[in-house]
2 protein chains.
Amino acid sequence: MTSDNLPQAESAIDIDAQQIRDTIRDAIVERRLAPGTKLSETDVGSLFNVSRTLVRAALQALSYEGLVSVEKNRGAFVAYPSVTEAQQIFATRRLLEPVILREAAPNIGKAEIKELRKLLADEERLTNQRGAPARRAEIKASGDFHLAVAGMSGNAILKRFMDELVARSSLVIALYGQSVISSCGHHEHQQIVDALEKQDIEAACRLMLQHIDHIEADLDLRPARKGSDLKDAFQR
Amino acid sequence: MTSDNLPQAESAIDIDAQQIRDTIRDAIVERRLAPGTKLSETDVGSLFNVSRTLVRAALQALSYEGLVSVEKNRGAFVAYPSVTEAQQIFATRRLLEPVILREAAPNIGKAEIKELRKLLADEERLTNQRGAPARRAEIKASGDFHLAVAGMSGNAILKRFMDELVARSSLVIALYGQSVISSCGHHEHQQIVDALEKQDIEAACRLMLQHIDHIEADLDLRPARKGSDLKDAFQR
DNA sequence: ATCCTCAAGATTGTATACAATAATGGCCAA
DNA sequence: TTGGCCATTATTGTATACAATCTTGAGGAT
């Protein structure tokens, strides 16, 4: 595996570490890069036409976000979340998202509802489009909804925590998702906005939790796969 | 300002980036390094007898934790949280710590109570000791209590979020704290453990919120100081 | 005296060179 | 043929060199 499935370099002159990080992150979140994929410093560097220095910085940052795991003397790989990690990611979302909704609710007025509805419209449009690029954009759009709500909390720290959780969720879905669609039920986002518009925060929280449950229900988080129990993977 | 107030280098051979990061973080959290202090790559490097490469990696990681702010082409500085950031840090703690307590409660049995009591004993011992080193250790111990509880939630992500919040709290207290003691009321930790021992989670949450309120009450988070309004800082 | 300009110095940004470690594949022995 | 051992190669870890940018302070004009 060489550079083939990395996003093509921005031919724009003067790339910096942050742009590399963002590009790789997008590729991971949109599942163009599969979990476990090796991210060789030289390969990535030549894609972006930069030295390993900048690549290392980008990979280090991504490692802090939990999207990349770097193993000493072995290199960086797209993270491969364990079942336990996957469970913790969703457990944390279940704990945090209602809290965020309650924080955001007082700040959600007409303008904010409008902004959310615009995101929903984008999602809808992508849902009706076909082809891989639309699927990828849909994945991202679905996450953007959750992030937009977090942003409305006005708390930058909560927002950052959600950034991380949403991004890592994408990896978990890539690994353990069963149905092809896998991304959030777009309809549920709509219901949440409806509840928010009516200022019914309790309903919004309830719907949010159900929504997270639905995402998680589509995952196959039984043990195994984890390398150790290969036998019953073949046993059938 | 040169290297004087940086912790002395580990003369142990073979330091790596993580050790540098940890050492600097400890120095920041224990307030041996004041907010705003410049962390010159060359200076830090010569302290640890490593090249700038490793120092940069450490500073980058600390920047991601919010303990250091790196300004392009200007260098790295111990973070200087704004009033807004300070408020958000404590707002987030108020939201998160009760959630964490509820998550941790089912996992807290005899052994865990014992562990927490041990931490309290350490705190108490330090409180009765005098001298700057004891004060520093006390600051750290006080944070360790909150982190221990977070660890008992069994959720590594929550724990990491708390790691960040506790560390940044220390910076906020250093900047905006008024009373000299400034660190957590040790007594309140004790009450929380008492409530946990009685399985009275509601009380524990209530006490935790009060505790956070008390810490925040010791802060002077009025605007100003923020550099722009220097005049009324001298106006008295 | 004050302000502006600009050159010298210092510091960070990036690339490259070298060292250390891990991965690969061939060779030999059983 | 198979399994283990060692040399070779590739990749990461760290230091250093050079480029770009900022900071500082002296000098001169007003």
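Order of the sequence lines fixes the chain letters, A, B, ..., with proteins taken first and strands second; residue numbering starts at 1 for each chain.
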### Message
If I take atom CG in residue Asp43(A) and atom C1' in nucleotide dA10(D), what distance separates them, rounded to the nearest angstrom?
### Response
11 Å
### Task
Decide yes or no, distance alone: a donor-acceptor N/O pair under 3.5 angstrom between the base of dG13(C) and the side-chain of Arg74(B).
no
### Query
Which whole-number value in Å describes the distance from Ile20(A) CD1 to dG13(C) C1'?
13 Å
### Euclidean distance, atom CZ of residue Phe48(A) to atom P of dT14(C) [Å, nearest integer]
14 Å
### Query
What is the distance, rounded to the nearest whole Å, between atom CZ of Arg52(B) and atom P of dT11(C)?
10 Å
### Query
Are any of the side-chain nitrogens in Asp43(A) or Lys38(A) under 4.0 Å away from the carboxylate oxygens of its partner?
no
### Task
Take atom CG of Leu59(A) and atom C1' of dT11(D), then tell me their distance rounded to the nearest Å.
13 Å
### Query
Between Arg135(A) and Glu138(A), is there a side-chain N and carboxylate O pair less than 4.0 Å apart?
yes
### Query
Of the nucleotides dT16(C), dA15(D), dT12(D), which one has an atom closest to the side chain of Leu54(B)?
dA15(D)
### Message
Please report the distance, rounded to the nearest Å, between CZ in Arg56(B) and C1' in dA15(C).
### Response
12 Å
### Summary
Of dA15(C), dT14(D), dT12(D), the nucleotide closest to the side chain of Lys38(A) is dT12(D)
### Test item: Gln19(B) side-chain N/O and Asp16(B) main-chain N/O as donor-acceptor pair under 3.5 Å
yes
### Task
For the residue pair His211(A) and His189(A), categorise the inter-ring angle as parallel (less than 30°), tilted (30 to 60°) or perpendicular (more than 60°).
perpendicular
## Note on the structure
Separation of dA20(C) atom C1' from Asn73(A) atom CG, nearest Å, is 7 Å
### Query
What nucleotide, of dT14(C), dG13(D), dG13(C), holds the atom closest to the side chain of Ser51(A)?
dT14(C)
### First of Glu41(B) and Val50(A) reached from the 5' end of DNA chain C, by closest nucleotide
Glu41(B)
### Task
Quickly work out the Asp16(B) CG to dA20(C) C1' distance and round it to whole Å.
14 Å
